[in-house]
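Here the structure is laid out as structure tokens; the discussion comes afterwards.
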Amino acid sequence: MLTLWLQMRLIKRISMMLVISLWLAPNVQANDTTDWMVLVSPFVWGASLNGDLGIAGQQAAVEAPFSTLFKDIDSVFMGNIELTNRQFGLYVDATYVHSSRQDKALAQPLQVSLRQKLFTVGGFYRLYSHTLAGDTAFGEPRRFAIEPILGLRRTQIKAGLTAPTLGVDLNKKAQWTDPFIGARMSLDLDRHWNLSGLVDVGGWDTQSKKTHSAELYLGYRTLVAEYPVLVRAGYRSLTQRYQTEDFTGQPFTYHMRQAGPVLGVTLRL
């Protein structure tokens, strides 16, 4: 009940922000719309894992700081692509991580493996834009902007628990798609520095699926070989709760929070 209450409060806050933005919408400048451009953003997310993983009635607590998780990573890919004309836009965010680690159950060795794919597809609309004094390092007016977002997040999980001495060899695949609603903002602090953030909430089936996501970045604009580049550092958090039945008829549970620093660049094509 507490989680549902917090989720409803978050939805209310996002809704209030969108209503305020709608009231301020006349401030959107007509010249905000320009030619379409593509933004490519490879990044590294130093996320730690905290939560619980359950298969066939076997539960394993997952507490892995990034310093430990890094040694367990077998393969990884992270990136974001955005198509926008500064008024409307679409983006795709993808992360793929395959990791495995050693644990213990009943004083016996236990191997926990996790293969995770996250695909987020969203659209946004610049509902509010306020022009600030001066230009950015890219020769564009400095702005403060608020953009509602709406999209889908696809999660694919393959989890395994193996304990040879206990005769345990369990594997489970799960995949689900959640709609989400949220908002993002961008504030040009000065010619070079930019502050941006994003928050969304999804998983309307509160009995088996819940998702919360938040991001905050500080970016620095510069030119590399005359090409505009935004270097960004920040923090990203994603909390997911999912439950279904596995092949034994018992609950498969994936209750996990991934959070940690992010470092990346945005290239304008």
Side-chain angles (χ1 to χ4, degrees), residues 1-22 25 39 41 43 45 47 49 51-53 77-85 87-97 114-128 145-159 172-186 196-217 235-245 251-259 262:
M1 291 299 295
L2 179 59
T3 303
L4 177 59
W5 178 77
L6 291 173
Q7 186 175 24
M8 294 305 297
R9 282 181 61 87
L10 181 58
I11 293 174
K12 288 181 179 179
R13 289 183 181 181
I14 293 175
S15 300
M16 288 178 63
M17 183 167 56
L18 299 185
V19 170
I20 293 173
S21 300
L22 183 61
L39 305 176
S41 304
F43 62 89
W45 183 17
L49 288 177
D52 297 294
L53 181 64
F77 169 80
M78 301 174 180
N80 181 291
I81 298 178
E82 180 176 314
L83 174 65
T84 180
N85 67 350
Q87 185 66 55
F88 303 93
L90 298 171
Y91 66 91
V92 177
D93 188 282
T95 65
Y96 169 81
V97 178
L114 182 64
R115 190 189 304 264
Q116 182 185 57
K117 300 177 183 178
L118 290 172
F119 300 96
T120 302
V121 179
F124 63 87
Y125 169 67
R126 180 163 292 181
L127 197 57
Y128 174 74
I146 297 176
E147 299 166 343
I149 58 175
L150 184 68
L152 297 172
R153 179 178 290 109
R154 177 71 170 177
T155 304
Q156 297 179 345
I157 299 292
K158 183 179 180 180
K172 171 63 180 179
K173 294 181 180 179
Q175 54 188 12
W176 66 95
T177 302
D178 286 336
F180 66 84
I181 184 174
R184 67 183 198 176
M185 73 86 186
S186 176
S196 61
L198 179 151
V199 60
D200 69 60
V201 58
W204 310 121
D205 182 355
T206 58
Q207 295 299 317
S208 62
K209 292 185 291 185
K210 303 182 184 72
T211 303
H212 304 125
S213 177
E215 304 173 26
L216 184 65
Y217 301 103
Y235 193 84
R236 183 172 184 170
S237 174
L238 174 64
T239 301
Q240 293 181 292
R241 297 177 61 88
Y242 177 74
Q243 181 171 316
T244 187
E245 288 189 355
F252 167 79
T253 57
Y254 178 84
H255 299 167
M256 207 71 63
R257 179 176 183 264
Q258 302 174 72
V262 180

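Residues: numbered from 1 along the sequence shown. These numbers come from the heavy atoms of this one structure, side chains and all, not from hydrogens, waters or symmetry mates.
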Take the angle between the ring planes of Tyr125 and Phe88 and call it parallel below 30°, perpendicular above 60°, tilted in between.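 Ring orientation, 0 to 90° scale: tilted.
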
Looking at [atom1] of [X] and [atom2] of [Y], how far apart are the two atoms once the value is rounded to the nearest 0.5 Å?
X      : Y      : atom1 : atom2 : answer
Tyr217 : Phe43  : OH    : CZ    : 6.5 Å
Met256 : Ile157 : CE    : CD1   : 7.5 Å
Ser237 : Gln258 : OG    : CD    : 9.0 Å
Thr120 : Leu152 : OG1   : CG    : 9.5 Å
Thr253 : Asp52  : OG1   : CG    : 6.5 Å
Leu198 : Phe124 : CG    : CZ    : 11.0 Å

For Ile81 and Tyr91, run side chain to side chain contact (heavy atoms under 4.5 Å, CB included): C-alpha distance rounded to whole Å, both residues' side-chain angles, the deciding distance at 0.1 Å, then the answer. CA-CA 6 Å; Ile81 298 178; Tyr91 66 91; over 6 Å; no

Closest approach of Asn85 to Gln87 (non-hydrogen atoms, all atoms of both residues): OD1-N, 3.0 Å

What closest approach, in Å, do Arg184 and Glu147 show between heavy atoms, and which atom pair accounts for it?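 Reported closest heavy-atom pair: NE-OE1, 2.6 Å.
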
Whether Arg154 engages the ring of Phe119 as a cation-pi pair (distance to the six-membered ring centre under 6.0 angstrom, angle to the ring normal within 45°) should be assessed. no

Establish, from distance only, whether the side-chain atoms of Gln116 and Tyr254 form a donor-acceptor pair under 3.5 Å. yes

Are Gln240 and Thr155 linked by a side-chain donor-acceptor pair shorter than 3.5 Å? yes

For side chain to side chain contact (heavy atoms under 4.5 Å, CB included), just list the numbers for Leu127 and Ile146, CA-CA rounded to whole Å, side-chain angles, deciding distance to a tenth of an Å, and then say yes or no. CA-CA 6 Å; Leu127 197 57; Ile146 297 176; 5.7 Å; no

Quick check on side-chain contact (heavy atoms from CB on, under 4.5 Å): which of Leu238, Asp200, Val201 does His212 satisfy it with?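 Passing option: Val201.
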
Should Arg236 and Asp93 count as an ion pair when the cut-off is N to O under 4.0 Å?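 Salt bridge: yes.
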
So, do Arg153 and Val121 sit near enough that their side-chain heavy atoms are less than 4.5 Å apart?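 Contact flag for Arg153/Val121 side chains = no.
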
Distance-only, no hydrogens or angles: does the Gln156 side chain make a donor-acceptor pair with backbone N or O of Gln175 under 3.5 Å? no

Please test Ser196 against Glu215 for side chain to side chain contact (heavy atoms under 4.5 Å, CB included), starting from the C-alpha separation and ending with a verdict. CA-CA 8 Å; Ser196 61; Glu215 304 173 26; over 6 Å; no

Between Asp178 and Lys210, does a salt bridge (Lys or Arg N to Asp or Glu O under 4.0 Å) hold up when you go through it step by step? CA-CA 8 Å; Asp178 286 336; Lys210 303 182 184 72; over 6 Å; no

